[in-house]
Amino acid sequence: MNTCNRCNRPLKDSASVKRGYGPKCWKKVQLEDEEQRKIYEPCTIAYAGLANHTMREIRKRVLQGDRTECRACGEPLETGEIQSYDHDGGLDLKGFGQPQWVYHQCSKCKHQLSIWKLRIDLSDLEKLKPSKSLKMVEAV
């Protein structure tokens, strides 16, 4: 990738290209990761790398969607965060051990907007469901 996963600006040095973030965004991502660990409602992560990839992909889709700003205060969505927590009615996302309730939180007013309200298709980010098993007919 030659653009930053956070701000979509071109990456100039090989270290930035390798990690997928420019120096400023990398510092912000590290701070966000630290803040994510402090969230009261924990999420069960089975594979950290895959879970991070899934969340980055959700963020990317939110920023490419029709809505560009917080409905409560008008702050651009790009300044907010994508967060999740374990929820029985959530999405069974790749990298997570339990279904996740995913939402966008505004950086300014902390308004939380559930991802499903943004009408973004995340079906390809969900774990594969086992297909219905066929009953084996015993040979006579």
Side-chain angles (χ1 to χ4, degrees):
M1 291 207 109
N2 294 328
T3 59
C4 179
N5 288 328
R6 189 169 196 281
C7 70
N8 293 320
R9 291 185 181 145
L11 298 173
K12 298 176 182 170
D13 62 77
S14 61
S16 295
V17 171
K18 191 173 187 176
R19 72 177 167 242
Y21 297 95
K24 290 181 182 179
C25 286
W26 181 241
K27 287 179 185 176
K28 291 177 183 178
V29 166
Q30 289 176 317
L31 288 173
E32 289 169 0
D33 285 349
E34 190 173 318
E35 288 300 314
Q36 180 72 25
R37 288 186 212 110
K38 295 177 187 175
I39 292 177
Y40 175 73
E41 298 176 286
C43 58
T44 304
I45 297 176
Y47 303 100
L50 187 54
N52 284 332
H53 170 76
T54 299
M55 295 303 272
R56 282 193 306 270
E57 185 60 31
I58 292 171
R59 177 179 173 74
K60 181 175 143 185
R61 292 179 191 188
V62 166
L63 297 180
Q64 292 173 346
D66 294 336
R67 185 179 300 268
T68 59
E69 53 191 39
C70 174
R71 65 169 38 160
C73 71
E75 182 75 6
L77 290 183
E78 63 191 28
T79 64
E81 297 179 6
I82 302 298
Q83 298 183 3
S84 72
Y85 57 88
D86 292 352
H87 190 284
D88 290 338
L91 299 167
D92 200 12
L93 297 171
K94 294 176 184 174
F96 293 89
Q98 299 290 323
Q100 296 297 298
W101 191 263
V102 184
Y103 60 95
H104 175 275
Q105 181 167 306
C106 178
S107 62
K108 184 176 179 182
C109 71
K110 305 302 182 202
H111 175 76
Q112 296 176 352
L113 179 63
S114 177
I115 292 303
W116 71 268
K117 289 183 179 179
L118 294 172
R119 300 182 191 269
I120 297 170
D121 181 22
L122 300 178
S123 59
D124 61 316
L125 298 177
E126 291 188 277
K127 296 176 188 172
L128 292 176
K129 306 284 187 232
S131 59
K132 293 182 180 180
S133 59
L134 300 174
K135 290 183 180 181
M136 298 295 287
V137 178
E138 199 172 305
V140 179

For G89 against W101, the heavy-atom pair lying closest together:
O-CZ3, 3.9 Å

Is the shortest heavy-atom distance from the side chain of N5 to the side chain of V29 under 4.5 Å?
no

May I ask whether L77 and M55 are part of the same hydrophobic cluster, defined by side-chain heavy atoms of I, L, V, M, F, W, Y residues being less than 4.5 angstrom apart, directly or through others?
yes

Test your reading of the model: is there a side-chain donor-acceptor pair from R6 to the backbone of W26, 3.5 Å cut-off?
no

Tell me whether D13 at atom CG has more than 12 heavy atoms from other residues, nucleotides or ligands lying less than 6.0 Å away.
yes

Short side-chain to backbone donor-acceptor contact, K108 and G74, under 3.5 Å
no

Find the distance between OH (Y103) and NZ (K117) and round it off to the nearest 0.5 Å.
13.5 Å

Less than 4.5 Å apart, side chain to side chain, heavy atoms only: is that true for I58 and I120?
no

Once rounded to the nearest 0.5 Å, what's the spacing between atom CZ of R119 and atom CZ of R67?
10.0 Å

Which pair of heavy atoms, one from H111 and one from C70, lies closest together, and at what distance?
CB-SG, 3.9 Å

Whether D86 side chain and T44 backbone form a donor-acceptor pair below 3.5 Å
yes

Are L113 and L93 linked, directly or through intermediate hydrophobic residues, by side-chain heavy-atom contacts shorter than 4.5 Å (ILVMFWY only)?
yes

Heavy-atom closest pair (E126 atom, K94 atom, distance to 0.1 Å) is O-CE, 3.4 Å

From CD (Q105) to OG1 (T79), nearest 0.5 Å
11.0 Å

For D124, is the CG atom crowded, meaning more than 12 foreign heavy atoms sit under 6.0 Å from it?
yes

For E75 versus C106, what's the shortest heavy-atom pair and its separation?
CB-SG, 3.7 Å

I82 with Y21, same ILVMFWY side-chain cluster at under 4.5 Å:
no

To the nearest 0.5 Å, what is the distance between CZ (F96) and CG (L91)?
10.5 Å

When rounded to the nearest 0.5 Å, the distance separating CG of L122 from CD of E57 is 9.0 Å

Which value, rounded to the nearest 0.5 Å, describes the distance between R19 atom CZ and S14 atom OG?
9.5 Å

Beyond-backbone contact of I45 with N52, side-chain heavy atoms, under 4.5 angstrom
no

Please give me the minimum heavy-atom distance between L11 and C4, naming the atom from each residue.
CG-N, 3.6 Å

P23 vs S16 side-chain heavy atoms within contact, under 4.5 Å
yes

Give me the atom names and distance for the closest heavy-atom approach of Q98 to Q100.
O-NE2, 3.0 Å

Taking the side chain as every heavy atom from C-beta outward, state whether N8 and E78 have any pair of such atoms under 4.5 Å apart.
no

